[in-house]
There are 4 protein chains.
Amino acid sequence: MLTLRKNLYRILETSTGKRRGISLIFNSVLLSIITLNALAIVLHTVPDYNRRYERLFYDFELFSVGFFTIEYLVRLWVCVENERYHHWFWGRLRYIVSTRAIIDLLAIFPFYFTLFATDLAVVRILRLFRIFRLFRISKYSHAFRVIAAVINDKKEELILVLTFVVFMLIIVSSVMYYVEHPIQPDKFSSIPATMWWGASAMTTVGYGDVYPVSPLGQLIGGLSAMMGIMLFALPTSILVSGFSEHMRTRKGSPRQRCPHCGAEI
Amino acid sequence: MLTLRKNLYRILETSTGKRRGISLIFNSVLLSIITLNALAIVLHTVPDYNRRYERLFYDFELFSVGFFTIEYLVRLWVCVENERYHHWFWGRLRYIVSTRAIIDLLAIFPFYFTLFATDLAVVRILRLFRIFRLFRISKYSHAFRVIAAVINDKKEELILVLTFVVFMLIIVSSVMYYVEHPIQPDKFSSIPATMWWGASAMTTVGYGDVYPVSPLGQLIGGLSAMMGIMLFALPTSILVSGFSEHMRTRKGSPRQRCPHCGAEI
Amino acid sequence: MLTLRKNLYRILETSTGKRRGISLIFNSVLLSIITLNALAIVLHTVPDYNRRYERLFYDFELFSVGFFTIEYLVRLWVCVENERYHHWFWGRLRYIVSTRAIIDLLAIFPFYFTLFATDLAVVRILRLFRIFRLFRISKYSHAFRVIAAVINDKKEELILVLTFVVFMLIIVSSVMYYVEHPIQPDKFSSIPATMWWGASAMTTVGYGDVYPVSPLGQLIGGLSAMMGIMLFALPTSILVSGFSEHMRTRKGSPRQRCPHCGAEI
Amino acid sequence: MLTLRKNLYRILETSTGKRRGISLIFNSVLLSIITLNALAIVLHTVPDYNRRYERLFYDFELFSVGFFTIEYLVRLWVCVENERYHHWFWGRLRYIVSTRAIIDLLAIFPFYFTLFATDLAVVRILRLFRIFRLFRISKYSHAFRVIAAVINDKKEELILVLTFVVFMLIIVSSVMYYVEHPIQPDKFSSIPATMWWGASAMTTVGYGDVYPVSPLGQLIGGLSAMMGIMLFALPTSILVSGFSEHMRTRKGSPRQRCPHCGAEI
């Protein structure tokens with residue numbers, strides 16, 4: 001019994017030791033099923049495809065949920081092999097509340113819930129949860145891990161700068177509301193509603209559904225866009241510098257040599 | 001008497017010495033009230049909330065103005081403890097005209113003014129002044145201080161570059177006016193009106209309410225956007241480099257020292 | 001015979017040796033014809049010009065195809081002078097399937113095909129192939145080669161980052177679809193259709209044909225644009241750093257040497 | 001006679017020697033008149049102001065043209081004091097064809113021309129020439145000179161990159177034309193017309209007057225915007241790096257010290 005659990009653990013989680021070959025195959029299969037799920041979730045919403053391949057989509061959904069359910073239960077069974085989740089009960093509980101296991105669960109549990117749901121609105125929301133299956137790719141994607149590491153590295157600066165961005169968004173939208181509300185009461189109906197304009201202007205998206213028409217409003221609008229460009233450059237440059245630092249470290253940059261003693265730093 | 005004033009000064013302003021604990025509590029309470037005010041100002045404009053919680057909004061307004069008024073008067077009383085405002089009369093006068101005290105005053109005085117104002121237009125403008133309560137957060141926000149320091153540091157370059165941006169905006173809008181006015185006299189009605197298009201094009205917002213339709217106008221429009229991207233990159237990069245310099249200095253630059261020989265690089 | 005082939009090869013391909021002068025003249029003529037072709041392709045689509053100069057466009061097309069066909073055949077004949085395509089048959093076959101020769105062929109073959117095509121839709125698609133004549137400029141453009149080199153240099157990082165961009169586009173569009181589809185079923189008709197909005201929002205283009213109207217949708221829309229700005233900064237900075245590295249290398253980095261002691265810094 | 005000419009030359013051009021004080025005053029007066037002209041040109045186009053202050057605008061125009069004409073003639077008379085324009089005839093001719101003198105002339109000559117012009121269309125174009133008066137500010141603006149120096153410094157790279165941008169704009173627009181023309185023949189009417197869309201998409205302005213509607217067109221549209229962001233980052237970064245190099249040189253950067261011998265570079 002113990003040997004089977006250990007073997008399964010090695011296949012599912014560590015990808016080391018004698019079972020490395022099988023582990024690679026399993027991971028490839030899993031990744032393929034997740035990718036096919038992503039494709040199914042996206043194409044399922046196209047009325048044409050949905051009508052024509054309804055049966056196929058349903059069968060694939062059943063197969064996927066079945067596969068992911070078994071996978072979830074097996075992972076839960078073998079997780080105690082990991083030192084972090086060693087205890088047969090508390091360890092498994094700790095595994096269940098780990099971010100990864102929650103994402104895994106959210107990817108399957110809505111399906112079982114829809115079987116009993118009768119309210120259409122609830123069913124629709126539960127469908128949204130299928131997007132969590134997409135997030136499962138993140139575990140296998142190098143890109144995802146790099147970005148996550150960079151964000152984690154620069155957390156402090158990013159929060160500082162984004163706080164300021166939000167603050168300026170509120171200020172700009174409040175001023176714009178008082179200037180444009182009397183002229184366009186339906187478009188700049190309230191400060192929260194004006195923040196939609198503010199976000200659209202400061203990110204320079206400019207959909208064109210709301211825009212100031214008074215000269216003062218247009219002056220503020222122009223300044224908001226200029227300010228937006230400069231403000232968003234701050235989190236952007238933090239992310240970029242974090243990313244390039246990450247890349248440099250990974251490559252073992254030859255530039256990191258002390259010019260005084262010649263030793264590598 | 002003197003001891004009370006000194007104590008209050010320490011609690012309100014310096015956050016040092018024996019009264020540090022009380023000072024922290026007071027600052028937290030103040031920051032909470034300001035944040036709640038921000039929320040009230042924003043939500044107050046949503047017709048639904050305004051109708052339902054009119055009483056609550058009004059009571060909170062009364063409480064806030066009362067609190068801020070007392071706070072303002074106490075700060076005015078204790079400010080003479082600060083060496084900069086030492087004189088009992090001239091010191092207080094100098095405190096009153098300091099940026100901070102003016103913001104504090106602008107956050108409360110409009111309320112008293114509205115009690116006597118009968119003109120609705122005036123009342124509306126006075127309401128706008130409540131936004132100054134938002135600016136009071138800036139004193140407590142680290143992010144705000146960092147940005148202010150960076151802008152101050154790079155003032156000279158920023159002014160130089162923004163002058164050029166404004167100059168190019170005038171040139172581009174003037175040329176566009178002469179090209180598009182004969183074709184779209186209502187949209188490109190004057191050079192100041194065309195500057196709204198110019199700001200929208202050069203910041204690449206592009207709301208779509210005004211755009212050139214003649215081939216020559218479209219050529220100028222395309223070039224304006226390209227020029228805008230390149231021009232706005234200048235103040236942006238100045239801000240970004242100022243910000244990263246600030247961040248590096250604050251961290252004490254641990255990278256700029258060789259770990260082997262200790263020499264600075 | 002061999003001498004003629006060798007001479008032609010030198011003129012067409014290497015631009016070295018005694019035939020350098022003729023080679024330069026030939027290349028200039030070829031570049032002029034390609035540039036004129038580009039102009040013809042672009043202006044040909046303007047109804048006015050097309051009507052007025054139909055005969056001229058047609059004659060120039062005949063001349064161009066004739067010239068390019070002879071050039072293609074001559075290049076095919078002389079390519080065996082190159083060591084890579086030495087064998088009289090297999091060498092020529094390898095030359096035919098090289099990227100350059102395929103572009104050259106795609107620039108002429110559609111013309112011959114249109115002579116036999118009766119279906120108008122096919123003729124239209126074949127016309128599109130004339131754009132490949134534009135790509136022939138790339139061989140002579142320094143700019144094109146620099147960018148290609150930079151992209152090749154940074155391939156790995158660019159793929160990593162663009163993978164993440166595509167992934168986030170799918171996530172953002174999926175979430176937006178589930179939020180906005182019930183309200184605007186015609187605009188957010190499916191996830192692939194919503195990806196058009198997603199691309200427009202994340203690149204901050206914002207045409208204004210599709211935009212969220214629900215508060216939740218607008219919140220996601222605002223965050224998407226902010227995320228887009230930050231995400232697209234990553235491939236951009238990779239390209240920029242690759243480009244500046246390339247430029248620095250090409251200039252032989254005169255800054256990286258101390259003028260006093262001669263040591264590299 | 002010579003002394004007067006020399007004195008005037010010093011006042012108008014060199015701002016050195018004994019006449020420095022008068023020179024500063026004259027330059028201030030000139031700059032004020034130019035600035036007022038800029039204001040007049042801009043406000044003149046606002047129907048309201050034009051109607052109300054028509055007389056004032058006209059009088060100021062007369063005064064400005066008179067002042068600039070005298071200034072132009074005096075500069076032409078004294079220019080021979082400069083070694084570059086030493087010869088009494090050929091020197092003055094060389095001065096007349098210098099960029100600066102041409103701008104000065106273009107700022108006044110259209111006024112005299114309008115006196116004889118009867119065609120309204122010609123008058124309108126001649127009015128456009130008044131914008132050249134704005135360009136006269138450039139001589140006194142530090143910002144303008146810095147940007148000009150940076151552009152001149154990076155000329156080569158900028159041309160290389162902008163060539164590629166134009167090339168990609170043609171390719172993208174050509175492909176889009178063939179894809180969208182059959183569906184929206186009025187909006188994507190020709191390749192030159194489609195280039196307006198292309199410029200709007202690649203600079204991420206996105207006015208929303210033209211946008212692709214077919215799935216293939218939207219895919220190309222999304223990719224164009226992504227490509228645009230990355231491509232425009234190249235000239236932008238060249239300009240930014242040129243600007244920061246310029247700023248660093250001016251400040252006498254302390255970082256330019258050789259780590260081997262310690263000498264400044």
Over-ring placement of R130(C) relative to F111(C), 6.0 Å and 45° cut-offs: no

D209(D) side chain to W196(D) side chain, donor-acceptor N/O pair below 3.5 angstrom: yes

Part of I238(C) lying under 4.5 Å from any heavy atom of chain D: neither

Per-residue contact mode, L134(C) against chain D (heavy atom under 4.5 angstrom): both

Contact winner vs chain C - V210(D), L223(D), L234(D), V161(D), heavy-atom pairs under 4.5 Å: L234(D)

Which atoms of S174(D) approach chain C - backbone, side chain, both or neither, heavy atom under 4.5 Å: both

Test: K154(D) cationic atom under 6.0 Å from F243(D) six-membered ring centre, within 45° of axis: no

Contact leader toward chain D among S237(C), P235(C), P192(C), G228(C), where contacts are heavy-atom pairs under 4.5 Å: P235(C)

Proximity breakdown for Y49(C) and chain D, heavy-atom pairs closer than 4.5 Å: neither

Contact origin within F144(C) toward chain D - heavy atom pairs under 4.5 Å: both

Where at least one partner belongs to residues 213-236 of chain D, residue pairs that pass side-chain hydrogen bond (donor to acceptor under 3.5 Å, both in side chains), sequence neighbours excluded: E180(D)-S214(D)

Within 6.0 angstrom of F113(D) CZ, more than 12 heavy atoms from elsewhere: no

P215(D) portion near chain C, given a 4.5 angstrom heavy-atom threshold: neither

Top contributor to chain D interface from I131(C), L43(C), L239(C) [non-hydrogen pairs under 4.5 Å]: I131(C)

Interface moiety of S200(C) toward chain D, non-hydrogen atoms closer than 4.5 Å: neither

More than 12 heavy atoms from other groups under 6.0 Å of CZ on F109(D): yes

Top contributor to chain C contacts, counting heavy-atom pairs under 4.5 Å, from F167(D), F232(D), Y207(D): F167(D)

Heavy atoms from other residues, nucleotides or ligands near OH of Y58(C) exceed 12 (cutoff 6.0 Å): no

Shortest non-hydrogen separation from A107(C) to R133(C) and the atoms involved: O-NE, 2.8 Å

Which atoms of I159(D) approach chain C - backbone, side chain, both or neither, heavy atom under 4.5 Å: neither

